[in-house]
Participant: 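Quick one: the structure is below, and I'll ask about it shortly.
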Number of protein chains: 2
Amino acid sequence: MADVARRAGVSMATASRALSNHPHVAEETRARVLAAAEQLSYVVSPEASRLAGGATDRVAVVVPHISRWFFATLLEGLEAVLRDADLDVLLYHVGDAADRRDFFQRLPARRKVDAVVVLGMPVMHGERERLESMGVHIVAAGGQVEHYPYVSIDDAAAGRQAVDHLLFLGHRRIGMIATVEPTEPGWPANPGRARAYREALAEAGLPAEPGLVVTVPWGGVPGADAMSQLLSLREPPTAVYAHSDEVAFGAMRTLRRAGLRIPEDMSVVGIDDHPMAELADLTTVAQPVRDQGVAAGRMLLALLAGGEPEGGGTVATRLVVRGSTGPPRPGSSRARSSSPRPGRR
Amino acid sequence: MADVARRAGVSMATASRALSNHPHVAEETRARVLAAAEQLSYVVSPEASRLAGGATDRVAVVVPHISRWFFATLLEGLEAVLRDADLDVLLYHVGDAADRRDFFQRLPARRKVDAVVVLGMPVMHGERERLESMGVHIVAAGGQVEHYPYVSIDDAAAGRQAVDHLLFLGHRRIGMIATVEPTEPGWPANPGRARAYREALAEAGLPAEPGLVVTVPWGGVPGADAMSQLLSLREPPTAVYAHSDEVAFGAMRTLRRAGLRIPEDMSVVGIDDHPMAELADLTTVAQPVRDQGVAAGRMLLALLAGGEPEGGGTVATRLVVRGSTGPPRPGSSRARSSSPRPGRR
DNA sequence: TGCGTGATCGGAAACGCTTCCAGAGGTTGC
DNA sequence: GCAACCTCTGGAAGCGTTTCCGATCACGCA
C-alpha cells in the first residue's frame, strides 16, 4: 500500500481511506489512489486489514451435506451473490453432531469471518448464543430457523399441496415415506412435511393408520425399501407421498420392479422438483432452491452494509403435476390381485 | 498470547514456538504453554499469524459447477480431508470464461491461500504460470490436467468399457451422445470419452457414421433431445452410449415416451454411476468420485508438508451392468416397425 | 478583517503474531 | 580443563492495514 500511496502522492492513511470507501476523501484524490492501485494491480491484504480492525470480507457457510442436490444448489446461489460482492466463501461441512459441536466450538474462537450462513439445518440454542456473543451476522436458508433473518419454504404448506393433490384425485389410502437425517438418527428431516400429512388426512376425515407411515433415512435406496414395506401391507395404499424427490425415485423403482404401473396402480408424489423429477415424470411440489440461496446472500449483504435484511421469510412452492399421479383405480386396492398386469420384461 | 506466555512463565517468543510446534522447545515448557493456552481457551489469530509470515491454513478450491452431483461429490471428499487437517476451504465457482479470467487475475494478487485445488476442469497455460509464479501449491482432481499432481479417471478407458460392452452384446449401430460445457460452447466436456467411441468402432471394423454422433450441452433435457435426434434417423442405432449418466437419463425418458423398451429396443449405457443410476437401472461405468476428492486432498497435504505427493494419477473405473443394456433384437433395427410393442400407458 | 467550522489529509500508534539475533547454560571432544 | 557446540529462551523488529488525533486550509459570517 505504501507504493500505491507514494504513486498517488498521498499518505498511507489517505490511501487506506480511499481504498475502503471512507467519507472525507476528496473525490479527485480517491480517483488518483484507485488508479494507482489499479496500475500496480494492488489489493489490500485481508490479513493485515482484519488485524488492524477492518473486515475480513469472508463469510462462513455451514452445510450438513455437500453432494445432495438441494444443498449444493442452495450453495450455488449463495456463492454467486457473495462472490459478486467480493466476499470469500469459507465452506464448512458439518456431518454429524460431533462436527456440529466442533464447528461452533472453534470457528468463533477467533474472528475468521464477518458472518455465517447456515444452510438447511436448524441452529440449536447454545450454538446461537455462541455465535451471537461474538457479533458475527447470521443468516439461514433452506431450513427451519427462526430468530434469524432466513428464507425457506413453508414445509407444511408444501406438504399440503402434495397430499391435497392426492386427496383431490380421490385417493383415500395414502402412504407417507418420511425421512430422518442419516447422520443424526432421530432427527426428523422435515417435521413440517409430516405434519401436513396428518392434518390433511384429519381434515378429510380419514383415519390415521400408523402402518401407512414409514420413516427411513434420507436417500433413494431407503426410499425403495420404504415402498417395499408399504407393499407388504395387507392393504397397501393407492398413493404415496414422499418427503423428497430422491426418496420418491427409490419408491418408483420398487413399483417398477413389482410390475406395478404408475399411476394406474400407485400414484407417487414428491417434494423439491429435483432436476431428475422432470426426467422421471414425477409429480412434485417445486421450490425455488437456487433462489433461496440468492435471497439469503442478499440479506447477508444488507446486514453487512449495516442495513435491514429484506426479501426474507417464506417463499412459495407450487405443485407440478406430471405423470406419476392419477386417480385410484375404481376397484380400489382390493381389486388389484384380480387383474394381473401384463408382464413387461 | 501475551496472557498465555505470562501464565506459563515464558516469553512470547517461546510461547509462539511452543504453540506452532517448533523444535528447540523443552518438552516440559511446551506442555506448560499448551496447558496455559488450554485454560485460557486461546487459539492463535490466523490473521496475525499469517501477517507475520506464517501459513494461512487456507486452500482455495476452484470448481466449474457446484450443484452437479459429480463436482459436489468431489468437493465433499476433498473438504473432508482438508478440514480434518484443520485447513479452511475457500470455495470459488468459476462458471464461464469471464469468471475464469477473473479468478486467476485476482486470487493470486495477494496470498490468500497456501494452495489451490482445481476440480474437474483444465488449467490453461497462462493461468498455470500465474499460479506458479506466486508459489502456491496446485493439485487437480477429476479433470484432464497434466503438469500437476492430479487424480482422475482415464476417460478413454472408461469410454472403452462402455462401448466395448455394447459391442460385446452384439450391437453394430451404436449412437453416441457427447456433451459440451453449457457455459463454454465449443469446449468438449470429455474429449477422451469421444475418442474411445471412435477407436472402439474402428477396431471393430465399423464405419464412422456422423449421424450417429450428436453433441449437446450437458444435462438431462439436452440428453432427451439428443435421443430424439437419434430416433429421427432413417435407421436409428440399437444402442446409445452417453457421456454421462444424467444425459443417459434424459435419453431414457425419450425412449419411454416413444414407447420403446429398454433394453429390448434400445440399449443405453452411461458413465459415472450417479446414485440415480442404480434407481433407474442404468448400466454405466462407475468411477470413485468421492475418493478422487479425498486423494487430491491427501496429495495436497503431502505437498504442504513439504513432501512428495503420493497416490495420484489415474484411478480405475469399472463397468456396472444393470438392466438398460442387452443384446440387440434379432431383426436388427429394421424389424422394429413390424412388431408393435404393447401400449404401456 | 478575524475567527469558527468543516472538509481533507498526514503521523503514528496499535493489531497479534513469527522469527532473527543473541545470550545463558550444559555437553562433548581432545 | 578448555574450547566449540548444542539446546533453550528472551528481546525486539517487523508484517500491512486501520484509525485516532491533530494539523492545514479554504470558506463563510459577523
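Convention: sequence-line order gives letters A, B, ...; per-chain numbering from 1. Atom set for the values below is all heavy atoms of this structure, side chains included, hydrogens, waters and symmetry mates excluded. Note that the structure is a prediction, hence the values are computed from the model and not measured.
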Participant: Considering every strand and a 4.0 Å limit on heavy-atom distances, what is the contact class for B/Ser49: base, sugar-phosphate, or nothing?
Facilitator: sugar-phosphate

Participant: So for the helix from C/dT1-D/dA30 to C/dC30-D/dG1, with five pairs setting each end axis, what is the inter-axis angle to 10°?
Facilitator: 30°

Participant: Evaluate the side-chain proximity of A/Val289 to A/Phe71: yes if any heavy-atom separation is below 4.5 Å, no if none is.
Facilitator: no

Participant: Can you list the residues that meet the side-chain hydrogen bond (donor to acceptor under 3.5 Å, both in side chains) rule with B/Arg30, with sequence neighbours excluded?
Facilitator: none

Participant: Any side-chain hydrogen bond (donor to acceptor under 3.5 Å, both in side chains) pairs touching residues 292-307 of chain B, not counting sequence neighbours?
Facilitator: B/Gln287-B/Gln292

Participant: How would you list, by chain and number, every residue that makes a ring-ring contact (aromatic ring centres under 6.0 Å, His included) with B/His93, sequence neighbours excluded?
Facilitator: none

Participant: Show each protein N/O and nucleotides 21-27 of chain C N/O combination with a separation under 3.5 Å, one pair to a line.
Facilitator:
none

Participant: Mind checking side-chain contact (heavy atoms from CB on, under 4.5 Å) for B/Ala316 and listing every partner two or more places apart, or none if nothing turns up?
Facilitator: none

Participant: Rounded to the nearest angstrom, tell me the gap between atom CG in B/Asp3 and atom C1' in C/dG16.
Facilitator: 12 Å

Participant: Can you measure A/Arg50 atom CZ to C/dG16 atom P for me and round it to whole angstrom units?
Facilitator: 9 Å

Participant: To the nearest Å, how far apart are A/Glu47 CD and C/dT18 C1'?
Facilitator: 14 Å

Participant: Who passes side-chain contact (heavy atoms from CB on, under 4.5 Å) against B/Val10, sequence neighbours left out?
Facilitator: B/Ala5, B/Ala8, B/Thr14, B/Ala15, B/Thr29, B/Arg32, B/Val33

Participant: Does the pair A/Asp99/B/Arg83 count as a salt bridge with the N-to-O cut at 4.0 Å?
Facilitator: yes

Participant: When you measure from the side-chain N and O atoms of A/Ser11 to the phosphate of C/dG10, is any distance below 4.0 Å, counting only OP1 and OP2?
Facilitator: yes

Participant: Specify the residues of residues 22-30 of chain A, ordered by number, for which at least one heavy atom lies under 4.0 angstrom from an atom of DNA chain C.
Facilitator: A/His24, A/Val25, A/Ala26, A/Thr29

Participant: Who passes ring-ring contact (aromatic ring centres under 6.0 Å, His included) against B/Tyr92, sequence neighbours left out?
Facilitator: B/Phe103

Participant: Is there a side-chain contact between A/Leu304 and A/Leu87, using heavy atoms and a 4.5 Å cut-off?
Facilitator: yes

Participant: Can you check the B/Asn21 CG to C/dC17 C1' distance for me, whole Å?
Facilitator: 16 Å

Participant: As a test of reading the structure: which of C/dG16, C/dC17, D/dT17 is closest to the side chain of A/Ser16, going by heavy atoms?
Facilitator: D/dT17

Participant: Given atom CE of A/Met1 and atom P of D/dC15, what is their separation to the nearest angstrom?
Facilitator: 15 Å

Participant: Among the nucleotides D/dG16, D/dT18, D/dG10, which one has an atom lying closest to any side-chain atom of A/Met12?
Facilitator: D/dT18

Participant: Rounding to an integer number of Å, can you tell me how far B/Leu51 CG sits from D/dC15 P?
Facilitator: 10 Å

Participant: Counting only side-chain nitrogens and oxygens, does A/Thr14 get under 4.0 Å of the OP1 or OP2 atom of C/dG10?
Facilitator: yes

Participant: Can you sort out the partners of A/Asp57 under side-chain hydrogen bond (donor to acceptor under 3.5 Å, both in side chains), two or more places apart, ordered by chain and number?
Facilitator: none

Participant: Could you tell me how far apart A/Leu19 (CG) and D/dT18 (P) are, to the nearest whole angstrom?
Facilitator: 7 Å

Participant: Among all residues two or more places apart in sequence or in another chain, which pass the ring-ring contact (aromatic ring centres under 6.0 Å, His included) test with A/Trp69?
Facilitator: A/His274

Participant: What is the distance, to the nearest angstrom, from the CZ atom on A/Arg32 to the C1' atom on C/dG10?
Facilitator: 14 Å

Participant: Residues two or more places apart in sequence or in another chain: which of them pass side-chain hydrogen bond (donor to acceptor under 3.5 Å, both in side chains) with A/Glu310?
Facilitator: none

